[in-house]
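Structure, as structure tokens:
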Amino acid sequence: MPRAERPLDLDTGPLTCFAADLRKLRETAGRPPYRTMAQKAHYSSTTLSDAAGGRTFPSLSVTLAYVEVCQGDRRAWESRWHAVAAEIAASAQGDEPAQTSRQSTPYAGLSAFQPEDADRFFGRERLTDEALAKVRDHRFLAVFGPSGSGKSSLLRAGLVARARASGWPVMLFTPGPHPVEECAIRLAAVTGEAPGALMTELRDDPEALHLRIRQATIDGTPDIDALIVADQFEEVFTLCRDRAERDAFIALLIAATTATTSRTRVVLGVRADFYAHCVQDPRLVAAMRDAQLAVGPMSSQELREAITRPARLAGCTVTGPLLAAVVADATGQPGALPLISHAMVETWRRRSGNRLTLDGYLAAGGIQHALAQTAETAYRALSPVQQNLARSLFLRLTALGDGTEDTRRRIAPDELDPGPDTAFVLESLARQRLVTLDESCVEITHEAIIRCWPRLRDWLTEDRDRLVLHRQLTDATADWEAHGRDPHAVWRGARLAAALDLAAADPGRLTSRERSFLGASRDAQAGETAAARRRTLRLRQLVTLLTVLMVTAVTAGVLAVGSRDSAVRQRNVAIARKAAADASEVRHRNPALAAQLNLAAYRLAATDDVRDQLMSTFATPYISRLTGHTSDVVSISFAPQSTVLATASWDGTVRLWDVGDAHHPVRLAVLNQPRRLLSVAFGRAAGSWRRRANDRCGCGTWRTGGRPSS
């Protein structure tokens, strides 16, 4: 009878849970004896028993053999094994002291090899010799290579380390968002002068860098020049937003290498997909026409040396199966060097004694999954709030490519909100070597994280337009604060509306500085809107006032004109009547003058009485032809718009005449009045008098005063 298995520990760690689940799988299969299982699995019964013992973590091959014998799901258990391996590795790493340095492992991981790592930088000796030879032959060299090809390690641990060993003064830096400033800081370390004064000098004079370096090397050996290495030169296109500063930086480098008395040699490390950006600048085209170096993938032999020799320095050996697996996995994989280095770091942590084994490599996930597994494990170990902070952090640390791949972006620590959760997230990610912390910046350790971590790729692709807007908001906030929170530097209109929508949809994405910028923008726009509203109201009030004033003025003008016209009319009537009266007085003495006066009076004011006077003047010569009155004629009157003439006499009669023919007047009627007549005049109905007189045979009635009535 087989003996019972040893009870598992009471803890609930990943190893204990994994062993417990293996035992449950064996129970489901009917508890086959381990000897029977060993015959089918081709592993010893002790190995299979230890796999479910909970003391040691079994290898992947042993686990899968155990599962197949118990008729379990091979694929599900393989995924489960990788997840548990990651948890165990993360917990083991969390127990390491925080001050554990990168020298504790022989591999660099995601970080580039630095000049001080030259003693463990292997596999690139031939390329380093070629780069050094080109630098000696040319004052300007551009080193191109895809992301992950190892060009930064080549420049730093290869070229710079060899140049310093030869006594060359070296300025090594990455351009960042302010390349002239970075150059001034490195130059200040060489010359001993203040960086601020140097930066102003470099911006104003393209020859300044050449002159300063020549001054610094005046006492040196003539055949030794200063070497400037600008690694990750693509940052002048991705991070530098000031085109003038970019042009000034390139002009400084070109002038320093083309001067006839130059003591400067320049090497640029450029990602291959930014080659087109470089050749768009005629100065760079001319400088690198015959001075380029391409960094390609390592050969199989170079890979073997890069894997085995660092382990040998640490007193470890790399087993043959592991070496063969790594070389096979890396062949044909572009940009695989940081993935290989990271996988080897994780394998070294899972080493068996002083041996790096294939099982440890598989437990780490290999070069295909090691990096994603590390990043995912580090992310899942955080609380929900910290996970949101980590998401925001990785998005900030990524510069979105425009026609190129996404690249890493360095940020200043003050771009993040300070707090215990932020500090914990940064420390946790730095311990996993996913990010690199410095006093002045935070950055992703390598762009391979952007390519190989599925979760980060999903974050970057799920809403790229909002990421672009957020990056613009971050830059605008920095400019706003750099200009002393200038109210004219805030956003307005459509951009502000889009940013407010972003803040409402994802409040945790924005920092307090960015929220302050949006608050200032919103207040400024609200103030401008209120001011515009007040201006509109004042304009409306002004228009209303002007309208009222205009109506008043027009009304006053109309009234004034009317009053003037009335006064003129009244004056004219008075003058006309006075002239008519004067004409009446002189009519008997001077009929011609009387006629002129009456005509002038009528033209001045054509009133009825003036007209009668005018007509009387012209009718006087014909009165002698009007016979029938027995006494003097005292008044005559013409009917309006007619040829009918009425004459009144002291004899008490009014006679009507048709004077259409002035030489032969025709009497129409005679009207007798008992009273004495003084004057005669036609009323408003006089126009039809002739017709009525003919119809009534001259009979009519006259009112006192001489006005006929029908």
Side-chain angles (χ1 to χ4, degrees), residues 561-663 665 667-690 693 700-710:
V561 171
S563 299
R564 185 196 66 183
D565 292 345
S566 178
V568 169
R569 284 195 303 272
Q570 293 175 5
R571 182 200 64 185
N572 291 344
V573 169
I575 294 173
R577 286 175 176 171
K578 179 67 171 61
D582 294 342
S584 177
E585 292 179 0
V586 301
R587 181 183 305 158
H588 297 288
R589 299 191 302 271
N590 193 345
L593 178 60
Q596 291 178 2
L597 288 174
N598 278 310
L599 181 61
Y602 183 77
R603 288 177 176 174
L604 186 62
T607 61
D608 293 340
D609 54 347
V610 173
R611 177 180 177 277
D612 288 344
Q613 291 290 338
L614 175 63
M615 299 305 294
S616 297
T617 301
F618 285 98
T620 300
Y622 304 108
I623 293 177
S624 60
R625 299 186 180 93
L626 302 178
T627 62
H629 286 292
T630 60
S631 183
D632 294 335
V633 175
V634 296
S635 178
I636 65 174
S637 179
F638 277 96
Q641 300 178 355
S642 176
T643 60
V644 177
L645 173 68
T647 60
S649 175
W650 291 115
D651 61 6
T653 63
V654 176
R655 296 178 184 271
L656 301 179
W657 309 87
D658 184 355
V659 294
D661 184 357
H663 298 284
R667 186 176 62 187
L668 299 178
V670 178
L671 304 176
N672 295 312
Q673 292 294 325
R675 298 177 184 177
R676 188 176 182 179
L677 295 175
L678 298 178
S679 65
V680 64
F682 284 93
R684 294 179 181 177
S688 59
W689 173 258
R690 182 175 183 177
T701 303
W702 290 81
R703 298 175 298 174
T704 302
R707 292 190 178 275
S709 62
S710 57

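The first residue of the sequence shown is numbered 1, and numbering continues consecutively from there.
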* Taking side-chain hydrogen bond (donor to acceptor under 3.5 Å, both in side chains) as the test, write out the residues that go with T653, two or more places apart. => H629, D651
* To do: Looking only at non-hydrogen atoms, find the nearest pair between W657 and T647 and report the distance.
  => NE1-OG1, 3.1 Å
* Roughly how far, to the nearest 0.5 Å, is the CZ atom of R571 from the CG atom of L604? -> 7.5 Å
* To do: Looking only at non-hydrogen atoms, find the nearest pair between V654 and A648 and report the distance.
  => CG2-CB, 4.3 Å
* Could you grab the distance from atom CZ of R655 to atom CG of N672, nearest 0.5 Å is fine? => 8.0 Å
* Asked: Nearest 0.5 Å, what's the CG-CG distance between L645 and D658?
  -> 9.5 Å
* To do: Would you name the heavy atoms of A646 and L656 that are closest together and state the gap between them?
  => CB-CD2, 3.6 Å
